[in-house]
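To start, the structure itself, in structure tokens.
Each chain gets a letter, A, B and so on, in the order the sequences are listed, and its residues count up from 1.
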Amino acid sequence: MRIEAKQLIRRFGGIIALDGVSLTVDDGELVALLGPSGSGKTTLLRLVAGLDFPDSGRILFDGADATTLPIQKRRVGFVFQHYALFRHMSVEKNVAFGLEVNRRQFKMGRHEIQDRVSELLRLVQLPGFEDRSPHQLSGGQRQRVALARALAIEPRILLLDEPFGALDAKVRKELRAWVRSLQQQLKITTIFVTHDQEEALELADRVVVMNHAHIEQVGTPAEVHDFPATPFVSEFLRGTSLQTVPASH
Amino acid sequence: MTNSVPFSLWWRRQILPGFGLSLGFTLVYLSLIVLIPLAALFIKASGIGFDGFIRTILSPRVLAAFQLSFSVSFYAALVNTFLGTILAWVLVRYRFPGRRFLDAIVDFPFALPTAVAGIALTAIYSPNGWIGAPVHALTGWKLTFTPLGIFLALVFIGFPFVVRTVQPVLADLNIEFEEAAASLGASRLQTIFRIVIPELIPAALTGFTLAFARALGEYGSVVFISGNMPMKTEIVPLLIMMELDQFHYIEATVIAAVMLVVSLILLFLINGLQRWGKLTGELA
């Protein structure tokens, strides 16, 4: 699905978090929002998700106005930095949650939900983990369960907020490559937030560099790396190397 | 030292120092303040003999007091669990003028002498008080000198326990859980019932236990508002006081001992329920 953000403004008290930000993300694209903390990248992601609403400006999903659409109606898969898995539920219950609260919409019986959950757990490479409890899983496993849970409702877009931020370096690298291939396999429009320059350059089709509530530059990893549009981008990306994961077609 | 390997192993596994000292200290003061007086209670009570024991406990007046004390305490604690949880929710989740003041007010029943609370409640809720008068005129209910009055007093002295146990748990409950539920399509009501409440149940149950235990032992506020009519509004602690006033020491200790045993059984049951809830919560 194509996402358009038009002139988004969001203030928190006296602080401006987004100052007239416009961005278009094409269908099936993987876009990284990159910037230092406080640059407005997470605010932008939350506005697209419907977890927060802009003071002015518009958000369009496939050309239709979604600015005031509540999150429940947006069908977005949102993955949190700290997973936000429901602690009192098993892995199976977590993944099934979106299907069970929307029984009317999905029209799935108990067995169909079970089948769908095992299918999703195979997709995130955790087959047979249905009965585990979240606290029995490692960080990387929890993040994959969170991804399976978000994918269960067949979201139109996938939004990831610092998805690898809480993981150690080795797991982070593995999970990165895996998310990239999964996204290409599912062809789902995806936006992720990161403050890690290499992560953005390695994963994304296009990188959106943000600073002080503004977008500094939008471009392919090669463009922002080789031809920084502003001094800030040049400074922020200095010292990073450009190595993309070979696309697995 | 060849035979001392198990001992030295045991000794080395104590990573925190001072275990022996702190345990010993705890046992000494627990014994002096709690265990020895309780043991004395049972020893004294046993002096009455089996027949006397049965006669004291099964007298209609004592039975009525037991029934009143346990049932009204239970209902007051139950209502407190809901009221206290809602108040904790308001204090944690919303920012409004006067929030800090309200937060401080919650501790009021802890600090106020309960007799003062009883007199104030009686003045307000009696059939010619500010609230009691219109309620009496509209519904004919009498809020004082009835079990309803006792209930009001027990709600008053019990609710801080629930607020103060639920509040920190709610404050620690990350808003991301609710956002995640909403992003998966859950309505606000579904989120509350499926995500928030299950997280709060253990704390709410602890608050219930504390409020219930406190209500069982409450004396000061109840004696003013209940009217203390035998068979009708006489609670167990009052009955014990009255026996003592008449120098019936053994009868008083017998009633106290039974009260203690029943309370202990109930508290253990609630504790067990809580552990069971935690276990199934983790395995489910």
Side-chain angles (χ1 to χ4, degrees), chain A residues 13 45-46 48-52 70-106 130-136 145-162, chain B residues 81 85 88-89 92-97 99 165-208 270-284:
Chain A
L45 193 77
R46 290 174 63 86
V48 172
L51 288 169
D52 192 10
I71 184 168
Q72 286 91 347
K73 301 248 169 73
R74 291 198 189 193
R75 275 191 39 219
V76 294
F78 200 100
V79 176
F80 294 85
Q81 179 177 0
H82 296 288
Y83 331 119
L85 293 180
F86 306 134
R87 292 178 286 194
H88 60 282
M89 295 182 192
S90 64
V91 166
E92 178 178 15
K93 287 280 168 206
N94 263 283
V95 178
F97 185 82
L99 301 173
E100 284 182 349
V101 295
N102 297 302
R103 263 174 200 273
R104 215 170 293 162
Q105 185 192 336
F106 287 102
E130 280 89 342
D131 295 331
R132 301 281 185 97
S133 171
H135 74 256
Q136 296 172 311
V145 172
L147 198 60
R149 184 178 69 177
L151 291 172
I153 59 166
E154 290 167 30
R156 300 187 292 176
I157 42 178
L158 194 59
L159 303 172
L160 313 165
D161 186 9
E162 300 264 5
Chain B
T81 307
T85 304
W89 174 269
V92 170
R93 283 302 170 85
Y94 305 106
R95 292 292 170 270
F96 52 93
R99 187 183 68 90
T165 46
V166 173
Q167 203 175 9
V169 176
L170 198 54
D172 277 349
L173 186 63
N174 201 322
I175 197 109
E176 280 187 359
F177 292 117
E178 289 155 66
E179 291 183 338
S183 79
L184 294 165
S187 68
R188 194 65 196 135
L189 220 56
Q190 283 173 320
T191 305
I192 300 250
F193 279 101
R194 287 171 179 247
I195 306 300
V196 178
I197 290 181
E199 293 275 354
L200 295 185
I201 281 177
L205 208 56
T206 303
F208 171 85
I270 297 170
N271 240 322
L273 191 72
Q274 204 162 6
R275 285 179 62 119
W276 172 79
K278 221 180 224 168
L279 269 171
T280 50
E282 277 169 14
L283 297 175

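- Inspection of non-hydrogen atoms places B:E176, B:F177, B:E179, B:A180, B:A181, B:A182, B:S183, B:L184 of residues 175-184 of chain B under 4.5 Å from chain A.
- Looking at B:S187, only its backbone comes within 4.5 Å of chain A, counting heavy atoms on both sides.
- At a 4.5 Å heavy-atom cutoff, A:R75 makes no contact with chain B through either its backbone or its side chain.
- Side-chain atoms of A:H82 and B:N174, non-hydrogen and from C-beta on, never get closer than 4.5 Å to each other.
- Looking at B:W89 and B:V196, their side chains come closer than 4.5 Å, going by heavy atoms from C-beta outward.
- Using a 4.5 Å cut-off on side-chain heavy atoms (C-beta onward), B:L173 and B:L170 make contact.
- B:T191 has its side chain out of reach of A:V101: every pair of non-hydrogen atoms, C-beta onward, lies at least 4.5 Å apart.
- Across every non-hydrogen atom of A:R87 and A:S133, the tightest pair is O-OG, 4.3 Å.
- B:I195 has its side chain within reach of A:M89: a pair of non-hydrogen atoms, C-beta onward, lies under 4.5 Å apart.
- Contact annotation: the side chain of B:V169 never approaches that of B:E199 to less than 4.5 Å [non-hydrogen atoms, C-beta and beyond].
- For A:A150, the part lying under 4.5 angstrom from a heavy atom of chain B is the backbone only.
- Neither the backbone nor the side chain of A:L159 comes within less than 4.5 Å of any heavy atom of chain B.
- The shortest side-chain heavy-atom distance between B:Q190 and A:Q72 does not fall under the 4.5 Å cut-off.
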